[in-house]
Amino acid sequence: MGPDEISRTVEKKYPDFLHKEKKIQEHRLPDLRNVTGKVVMRMAPSPSGPLHVGHSRLAILNDEYVKRYGGELILRIEDTNPANIDPNAYEQIPKDLEWLGVNSTQIVIQSDRMDLYYNEARNLIKLGFAYLCTCETEDFKKKLSKSIACPHRSVSPEENLKQFEKVLNGEYAPGEAVLIVKTQLDHPNPSVRDWIAFRISEANHPRYGHKYRFYPMMNFSVAVDDHLLGLTHVIRGKDHINNTERQKYIFLYNNWELPEYYHYGLVDFPQVVLKTSIIKKGIADGTYTGWDDIRLGSLMTFRKRGFSPETFRRYWIESGMREIDSEFSIEIFYAMNKELIDPETRRLFFVPDPVKIKLNGSPELNPVIQNHPSNRELGSRTYNLGLEPEVFVPKADWDSISEGEEFRLKDLCNVKKTQDRTEFISMEPSGKRVKIIQWCPKNSHEFRIMKPDGVVDHGVMEPQGKEFRGVAQLERYAYANILSSNEAYFTHK
RNA sequence: GCUCCGAUGGUGUAGUCCGGCCAAGCAUUUCGGCCUUUCGAGCCGACGACCCGGGUCCAAAUCCCGGUCGGAGCACCA
C-alpha cells in the first residue's frame, strides 16, 4: 500500500480519525447562584465622565446575565458626590451603553432619591444603629484603628435624631459632622468598622443646585437602593469587596434579604489613560482634543476608531467573572475585532511616506481592483492610468528593494527596479514569488492617520478613498476609520 | 501594619467546587508552510504552562499544611 492508498483507506474506514473534529470551545459565563425566575441586576457608574473600556466589562456582564435569565437591568447613576459630576455624563452614559448594545430597562438617578436615603438614615438612628459624629477626622480615625468608641457613639437615638435634622437645616459646615453607621468596633477588618454614611457638601449639584447639603456616601445609598430596587444579583469589581461587607450591615439591621454578590478581578490597562481627573485636566489644557482623543480609552474613542461593539462583548465574556486580576490584552482584543469586521471591510490603498516612481515601458494600464478579496458584494474600482504612468509607493518598501529586483504592484503589474525608476515586466504575475506592495495613482490626495500612541502617519490615499467613510483595510498598512477626505483614526493592524 | 483574595504557556482563558476521560483544551502572539483574484488577509502546522516545598491517596492542576509572589481595601470618592 502506498501512502495515498493508505490515506484513502483510512479516510473511507475511519473518517473521524482524519478529521478530528475541531473543538470550538465557546466561552460561556458560569451560571449564577440562586436564580429563581427573573433576575434584577444593575450597573452603577458615577457620572464623572463618559464610560471607558473598564466600565464596559460591568455593563456587558450584567447585560449577558439579564439576557440569559430574563429580568431587569437597571442603570443607576450614582451622583451623590456633587463635587465630582460631569453634567454631560447623564446624557453620554446611556449613549455609550446603547452603542455597546446594553439595554437598561430602567434608569435611576440617585440624586432624585435623597428623601429615601434620609428616611432610612432616620430609621437607623431610631434603631440605634447610626449616630452623628462631630469628632475631628484624624481623631476619629485614630480611635477606630484602636477599636475605641468616640463619645458620640453612645448618644441616645432621640438626641441623634435632633442633631440629624440640624445638619439637614444647615447648622453645620462641611467637615463638622458626619452620620456614622455602627458595625463592630472590634471587627478584625479595620475597613469594616463604623463607617461614614453621610457627609456635608456645599458643592453645587448640577441637577439640584444647593437643595441638599447632606449627601449619602456610596456605601449607604448603594445598600438602600439595592434593596429598594429589588436587586437579586450584584456583579462588580473586586475593589468593592470590603464595601460589600460594609453594606451588609444595612441589610442586617433591616432584616432585608441579601442579593448574591460577585466580584470580578481587577483589570490593568497598560498605557491607556482612563482616569477622569487626568483626562479632564488634559482636555482643559489642550493636551487632548476631547473625550474621544485617539490616545484615550473611552468608549467614544473606540467607537471613533471604528471598533465593533461586539468585540467588547466577546472579550469580556471570554474574561469571565473570576476574582483573578489580569492585564487587558489589547492584542487579543484587536484580533477579535479584526475577525468581526474583516469580512465586510473594503480595501483601499494608502501609501505612507510616499515616493513617486515611473513605470517605464508600460502599456496603457487600466486596472480593475476588487474591494475585497472574497466578498464580491463590496464591488471593485477602476483606474485609467494611461501609458507609462507615475505612481506612489511606500518609501520603506522602495528602499528595501534592491537594484534590478522584480516586484509587483498589487493588482497592477510586475516591474523591475532600476535606479530611481522601474521597468515594466508584465501585467500578469510572473509566477515567481516576488514582493507585492500597494501603490497609489499620481492624482492621489494627501492623507493622515492618527495613531493611539499620538503619532501621526502622513501619506497619500488613492482617489476613490476620497468619498469613503468608515472602516477600511488599508492594505499592508492597517485598518483605519476614515473620518474625512484627509484624515482617519487608526483602528489596529 | 491590619483584613481579605488570588496564582495554568509571552498574553487572555478552560479545567479546580464533586481527585482519575488532563502526558492539560481554546484563543492570541511568535515561527514555519500553503495560497498565481497575488493582502501585514485567509488556510495548515509547530514551539510554549499547572508558583515552590511537604502531606493524603492506587491516583493531585484539582484536597490539606507551610512558604513565595502578586492584588484589593483600610477616604467626609465611587
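Numbers restart at 1 for each chain; the letters A, B, ... are given by sequence-line order, proteins then strands. Treat the numbers as computed from the prediction; the structure is a model and nothing was measured.
Once rounded to the nearest 0.5 Å, the distance linking CG of A/Asn169 with CZ of A/Arg213 reads 9.0 Å.
Among residue pairs with one or both ends in residues 186-196 of chain A, those qualifying as salt bridge (Lys or Arg N to Asp or Glu O under 4.0 Å) are A/Arg153-A/Asp194; sequence neighbours excluded.
Here the P atom of nucleotide B/rG42 and the CD atom of A/Glu339 are 8 Å apart, to the nearest Å. Nucleotide B/rA75 holds its P atom 13 Å from the CG atom of A/Asp194, rounded to whole Å. The separation between A/Asn189 atom CG and B/rC5 atom P is 10 Å, rounded to whole Å. A straight line from NZ of A/Lys143 to C1' of B/rC76 spans 17 Å, rounded to a whole angstrom. One atom, CD of A/Glu136, and another, C1' of B/rA75, lie 16 Å apart when rounded to the nearest Å. Straight-line distance from the CG atom of A/Asn337 to the P atom of B/rA27: 19 Å, rounded to whole Å.
A/Arg381 and A/Asn371 share a donor-acceptor pair across their side chains, judged by distance under 3.5 Å alone. With 3.5 Å as the limit, one finds no donor-acceptor pair spanning the side chains of A/Thr183 and A/Trp195.
Using a 4.0 Å heavy-atom cutoff across all strands shown, A/Pro190 reaches at least one base atom of the nucleic acid. Residue A/Met336 is out of contact with every strand shown, counting any heavy-atom pair closer than 4.0 Å.
Checked for salt-bridge contact, A/Arg347 and A/Asp342 meet the test: a charged N lies under 4.0 Å from a carboxylate O.
Using a 4.0 Å cut-off, no side-chain N or O of A/Thr137 falls inside it from OP1 or OP2 of B/rA75.
A/Tyr261 meets the side-chain hydrogen bond (donor to acceptor under 3.5 Å, both in side chains) test with no other residue; sequence neighbours excluded.
Using a 4.0 Å cutoff on non-hydrogen atoms, the parts of residues 320-332 of chain A near RNA chain B are A/Arg322, A/Glu323, A/Ile324, A/Asp325, A/Ser326, A/Glu327, A/Ser329, A/Glu331, A/Ile332, ordered by number.
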